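Structure incoming, see below.
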There are 2 protein chains.
Amino acid sequence: MTATLADVARRAGVSTATVSRVLNGNYPVAGATRERVLDALAELDYVVNGPARALAASSTDVIGVIVNDVSDPFFGIQAGGLQREVAEEDLLAVICNTAGSPSEELKYLSLLLRQRVRGIVLTGGAREDAEHEAATAKLIRQAQAVGTRVVLCGRPAPAGVEAPCVVFDNEAGATALTRHVVEMGHERIGYVAGPRGNTTTTARLAGHRAALREAGIRRAASPIVHGDFSRDSGFDAAMRLSRADGDVTAIIAANDLMALGVMAALRRAGTEVPRQCSVAGFDDLPSASDCAPALTTVRLPLESGARRAGRIATGRDGAEDGDAWLGAELLVRDSVVRPGGRARRAR
Amino acid sequence: MTATLADVARRAGVSTATVSRVLNGNYPVAGATRERVLDALAELDYVVNGPARALAASSTDVIGVIVNDVSDPFFGIQAGGLQREVAEEDLLAVICNTAGSPSEELKYLSLLLRQRVRGIVLTGGAREDAEHEAATAKLIRQAQAVGTRVVLCGRPAPAGVEAPCVVFDNEAGATALTRHVVEMGHERIGYVAGPRGNTTTTARLAGHRAALREAGIRRAASPIVHGDFSRDSGFDAAMRLSRADGDVTAIIAANDLMALGVMAALRRAGTEVPRQCSVAGFDDLPSASDCAPALTTVRLPLESGARRAGRIATGRDGAEDGDAWLGAELLVRDSVVRPGGRARRAR
DNA sequence: CAGCGGATAGAAAGCGCTTACTACGTTGCT
DNA sequence: AGCAACGTAGTAAGCGCTTTCTATCCGCTG
C-alpha cells in the first residue's frame with residue numbers, strides 16, 4: 001500500500017529509529033544522515049500512519065470540539081476562534097456537530113475519548129437532565145483518566161467533574177438587557193426563550209426574570225414562549241406571541257438568531273419595528289449590526305472565550321487559574337425605542 | 001490508566017481474542033462466555049483504544065468532511081446532511097474548517113489521510129490554482145492508495161484524479177436566474193460574484209454571462225464586483241456597486257448570504273427593495289424565504305447532494321455510476337420585480 | 001465405538017511507530 | 001596514554017488491538 005517507516009529506512013540505509021527521529025526532530029541526527037532520510041521520505045511519498053503513531057506515543061495532535069449546531073454563527077465563531085488558536089500549536093481541531101441531540105453528544109464524546117485526542121472542548125449550553133449529565137460526567141472523567149484535557153466553554157461542569165470552564169455571564173447580560181428595555185418604558189414584554197432544559201436558556205431566562213422582578217412587572221404582562229435558538233423558531237415564536245398577547249410592546253429573544261426571526265415575523269405581519277414593537281437579541285452576531293433596524297443586543301466575547309478554551313485544551317494556558325469569567329456587554333442600537341416612540345439613533 | 005483488552009480478558013477469565021470478538025460480534029461466542037465478558041467490560045468501564053484498533057484493523061469509523069466555512073449555512077446544511085447519512089452506518093463525521101485557506105485545506109486533507117479515515121468528502125468550490133490543485137491531487141491519490149474513499153461534493157476533481165463527484169449545476173442555475181431577471185425587463189444588472197479563482201464563482205459567473213450574452217446586454221451595463229460569499233462582503237459589494245453605477249435596477253448575488261448583505265446595504269442606503277432595486281440570490285438558504293421581501297433565488301439540493309456524497313464515502317452507494325449531476329431550480333419569489341415596478345406576489 | 005464436522009476458545013503473529021537502552025566511534029581532558 | 005563524555009545510530013521491546021491458525025470438546029453417524 002503506502003510506504004512505511006521500514007521502507008524509508010531501508011531505502012535510506014538506516015534504521016527505523018533514525019527515520020522516526022528525523023521525523024520528530026527530538027533527537028540528534030547527523031546532517032548527512034538526515035539528508036538521506038529526507039530524500040527517501042520524499043521519494044516514497046511517505047505519510048505517517050496516525051493510528052500507529054498515536055498508539056506508540058499514546059497521544060495525538062488533534063483537539064475535538066463539540067458544538068450543537070455548526071450552522072449557527074454562535075458556534076461557528078467559537079469553532080473558528082478555537083481553530084485559529086490551536087493551529088498556532090500545530091494542532092488540528094475537528095468539530096463535531098451534535099445537532100442538539102444529547103445522544104449524539106455522548107457519541108462524539110466517546111469517539112473523541114477513544115481516539116485519545118489531546119483535548120476536548122464542549123461548547124454551548126448543556127442539557128439539564130440528570131441522566132444525561134451523569135453520562136457526560138462519566139465520559140469526561142474517563143477522558144481525563146487517559147490524559148485528555150477537557151474544557152467546558154459556555155456551560156457548567158457536570159456534577160462530580162473537575163474541569164476548567166470558560167463561562168459567559170449570561171445571567172448578568174440578560175438582566176442588563178431587560179433592564180434597559182424596562183427603562184425605555186416597556187411594561188408588556190414578550191420573551192422568546194431558548195429550548196427548555198438547557199443551561200444557557202435557564203441562565204438568560206433567570207437574568208430576564210430578575211430584571212422584571214426588580215422593576216415590579218407582573219408576570220402576566222410578560223409572556224414567555226420557547227424556541228430552539230434557530231432563526232425559524234424565533235419566527236414561529238413571534239407568531240405565537242402576537243397571537244396570544246397582541247399587545248406586547250417589546251420582544252426580547254434569547255439570542256440574535258431568534259431575534260432576527262422575530263423581526264422577520266413582525267415585518268411580515270405588518271408590524272413596524274421598532275415603532276410598533278421593539279426587539280432585542282443576545283450574542284451580537286455580525287448580522288445583528290447590519291440588519292434594519294440595527295439590533296440592540298448583548299455582546300459575548302465568543303471568539304476570545306473560545307480561544308481561551310483552546311489554549312487551555314492545548315495546555316498552553318494552565319487550568320489552575322480557576323474558571324474564566326467573561327462578562328457580557330449591553331449594546332444599545334436601534335431596535336429598542338420607547339413604546340410607540342420614535343427610533344433613537346445609537347451613539 | 002484505563003483498562004485494556006487484556007485487563008478485561010483477565011477479569012473475565014478468557015483470552016483477549018474472545019473479548020475482541022464479543023466487542024466486534026463477528027465471530028461466535030457462547031452465551032455464557034459473552035455474559036462474563038460483558039460484565040467485565042462494564043465493571044472496568046472499558047473504552048476501546050481507537051488508534052490501536054485502527055492500527056490492527058487498518059480502518060477507522062470516521063468520515064472526514066472538509067468545508068470552507070462552518071458558519072455559512074451553505075456548508076452547515078451539507079455537513080448536517082452528511083452527518084445524518086453516515087450516522088446510519090454508525091460512522092462518525094468530523095468536520096474540518098479551512099476558513100477558505102488553501103493551505104489549511106491541504107493540512108486537513110493530510111491529517112485525514114494520515115488518520116486513515118474511512119472516507120473524505122471535500123465540499124465547496126475549489127481554488128483554481130495549478131499549484132494548489134496539484135498538491136490536492138497528490139494527497140487525494142495517496143488517500144485513495146491507502147483505501148480512503150474520497151468524494152468531491154460541489155467541486156470538480158483535480159486534474160489527474162479519478163474520484164466520484166456530486167456536482168451541482170451552478171452554471172445552468174445561474175443562467176436561469178439571470179434570464180429571469182432579464183425577462184422581468186432589467187437591462188442594467190449588477191452582479192456580486194464570489195471570490196476570484198474559485199470554481200463555484202467561475203461556474204455561476206459563466207452562467208450569468210451566458211444569459212446576459214443571449215439577451216444582448218452590453219457588458220458596460222452589467223458591472224461585476226467580487227465578494228467572498230460572506231454576508232458582510234455582500235454588504236460591501238452593494239456599496240461599491242451603487243457608488244460606481246448608481247443606476248443598476250437589479251443586483252444578483254452569487255449566493256444568498258451576500259444577497260442578504262446586499263439587501264441590508266440597500267436598505268441602509270434608503271433604496272427600497274424591490275421597488276427601486278431588485279435583488280436575487282443563489283442557494284435557497286432557509287432564511288432566504290423569510291426575509292423581506294422573500295428572496296428570488298436558485299435552489300440547490302444541498303442536503304440530498306451531501307447525503308449522496310456521504311453514501312458514496314461510506315461505500316453504501318457505488319461510485320461507478322459516474323458523477324451525480326444535481327439540477328438547480330429557479331425559485332421566483334418577491335425580491336425581483338419589473339424595474340420601477342410593483343412587487344409581485346409569488347404564486 | 002471409531003471417526004467427523006461444527007461450535008468455541010486460545011495462541012500468537014503482526015499492524016507501524018516510538019523510545020528506552022545499548023553500542024560504538026570520536027573528542028577532550030588530565 | 002587512558003578514560004570520561006559526547007554525539008550518533010541501532011536493537012528491540014512494546015503500545016492495544018485484530019485475526020489467522022490451531023486446539024478442544026461435543027454430539028452424531030456409519
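All figures in this text were calculated on a predicted structure; none of them were measured in a lab. Chain letters run A, B, ... following the sequence lines, proteins first, then strands; residues in each count from 1.
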Note to self: Can you measure B/Arg36 atom CZ to C/dG10 atom P for me and round it to whole angstrom units?
What the structure shows: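 Atom CZ in B/Arg36 sits about 8 Å away from atom P in C/dG10.
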Notebook entry, point to check: Could you state the CG-P distance from B/Asn26 to D/dC17, rounded to the nearest angstrom?
Noted result: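 In whole Å, D/dC17 P lies 15 Å from B/Asn26 CG.
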Check: Between B/Ser15 and C/dA9, does any side-chain N or O lie under 4.0 Å from OP1 or OP2?
Finding: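 For C/dA9, neither OP1 nor OP2 has a side-chain N or O of B/Ser15 closer than 4.0 Å.
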Item checked: Integer-rounded Å distance: D/dC15 C1' and B/Leu5 CG ->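 Between C1' of D/dC15 and CG of B/Leu5: 13 Å.
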Note to self: Nearest to the side chain of A/Arg21, heavy atoms from C-beta on, is which of D/dG10, D/dC15, D/dG16?
What the structure shows: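 Selected nucleotide (nearest to the side chain): D/dG10.
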Note to self: Between B/Asp69 and B/Asn97 (side chain of the first, backbone of the second, donor and acceptor by atom type, cut-off under 3.5 Å), is there such a pair?
What the structure shows: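 Between the backbone of B/Asn97 and the side chain of B/Asp69 there is no qualifying donor-acceptor contact (under 3.5 Å).
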Next item on the list: Measure from the side chain of B/Thr33, starting at C-beta and using heavy atoms only, and say which of C/dG16, C/dA9, D/dT18 lies closest.
Entry: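 Selected nucleotide (nearest to the side chain): C/dA9.
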Next item on the list: Determine, for A/Glu88 against A/Arg84, whether the closest basic-nitrogen to carboxylate-oxygen distance falls under 4.0 angstrom.
Entry: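 No, no charged N to carboxylate O under 4.0 Å.
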Note to self: What I want to find out is whether A/Arg114 reaches B/Asp61 closely enough, with some N-O distance under 4.0 Å, to be called a salt bridge.
What the structure shows: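 So A/Arg114 pairs with B/Asp61 through a salt bridge.
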Check: Do B/Arg127 and B/Glu105 meet the salt-bridge criterion of a basic N to acidic O distance under 4.0 Å?
Finding: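 Judged by the 4.0 Å cut-off on N to carboxylate O distance, B/Glu105 and B/Arg127 do not form a salt bridge.
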Next item on the list: Output the single nucleotide from C/dC15, C/dA11, D/dC17 whose closest atom is nearest the side chain of B/Leu55.
Entry: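 Out of C/dC15, C/dA11, D/dC17, the nucleotide with an atom closest to B/Leu55's side chain is C/dC15.
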Check: Between B/Thr18 and C/dG10, is there a side-chain N or O to OP1/OP2 distance below 4.0 Å?
Finding: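 Yes, B/Thr18 has a side-chain N/O under 4.0 Å of OP1/OP2 on C/dG10.
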Item checked: From B/Gln83 atom CD to A/Thr98 atom OG1, the distance as rounded to the nearest 0.5 Å ->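 So the gap between those two atoms works out to 8.5 Å.
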Notebook entry, point to check: Quick one: which of D/dT8, C/dG10, D/dT11 gets closest to the side chain of B/Val14?
Noted result: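 That would be C/dG10.
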Notebook entry, point to check: Which residue lies toward the 5' end of DNA chain C, B/Val29 or A/Ala6, if each is placed at its nearest nucleotide?
Noted result: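 Final value for this comparison: B/Val29.
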Check: Between A/Tyr27 (OH) and C/dA20 (P), how many Å, whole number?
Finding: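 After rounding, the gap between these two atoms is 10 Å.
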Check: Taking for each residue the nucleotide of DNA chain D bearing the nearest heavy atom, is the 5' side occupied by A/Pro28 or by B/Ala52?
Finding: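 Per heavy-atom nearest nucleotide, the more 5' residue is A/Pro28.
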Check: Can you check the B/Asn49 CG to D/dC15 P distance for me, whole Å?
Finding: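 Going from CG in B/Asn49 over to P in D/dC15 covers 11 Å.
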Check: Are the side chain of A/Gln78 and the backbone N or O of A/Phe74 linked by a donor-acceptor pair below 3.5 Å?
Finding: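 Such a contact is found between A/Gln78 side chain and A/Phe74 backbone.
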Check: Of all the choices, C/dT19, C/dA12, D/dC17, which nucleotide is nearest to the side chain of B/Tyr46 once you look at every atom?
Finding: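 My answer, after comparing the listed nucleotides, is D/dC17.
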Margin query: Output the rounded distance in Å from CG (B/Asp7) to P (D/dC15).
Written below: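 From B/Asp7 CG to D/dC15 P: 11 Å.
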Check: Whole Å only: how far is the CZ atom of A/Arg114 from the P atom of D/dT18?
Finding: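 Rounded to the whole Å, the gap is 11 Å.
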Next item on the list: Starting from C1' on D/dC17, measure out to CG on B/Asp61 and report it in whole angstrom.
Entry: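 Taking atom C1' of D/dC17 as the reference, CG of B/Asp61 is at 14 Å.
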Check: Within the pair B/Ser20 and D/dC17, is there a side-chain N or O less than 4.0 Å away from OP1 or OP2?
Finding: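 No, no such contact exists.
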Checklist line | B/Ala30 side-chain proximity, nearest of D/dT18, C/dT18, C/dT8 | finding: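 Shortest atom-to-atom distance from the side chain points to C/dT8.
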Next item on the list: Give the nucleotide from the list C/dG14, D/dT19, C/dG16 with an atom nearest to the side chain of B/Ala17.
Entry: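 From the listed options, D/dT19 comes nearest.
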Margin query: Heavy atoms only, 4.0 Å cut-off, all strands: where does B/Thr4 land among base, sugar-phosphate and nothing?
Written below: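 Sugar-phosphate, no base atom in range.
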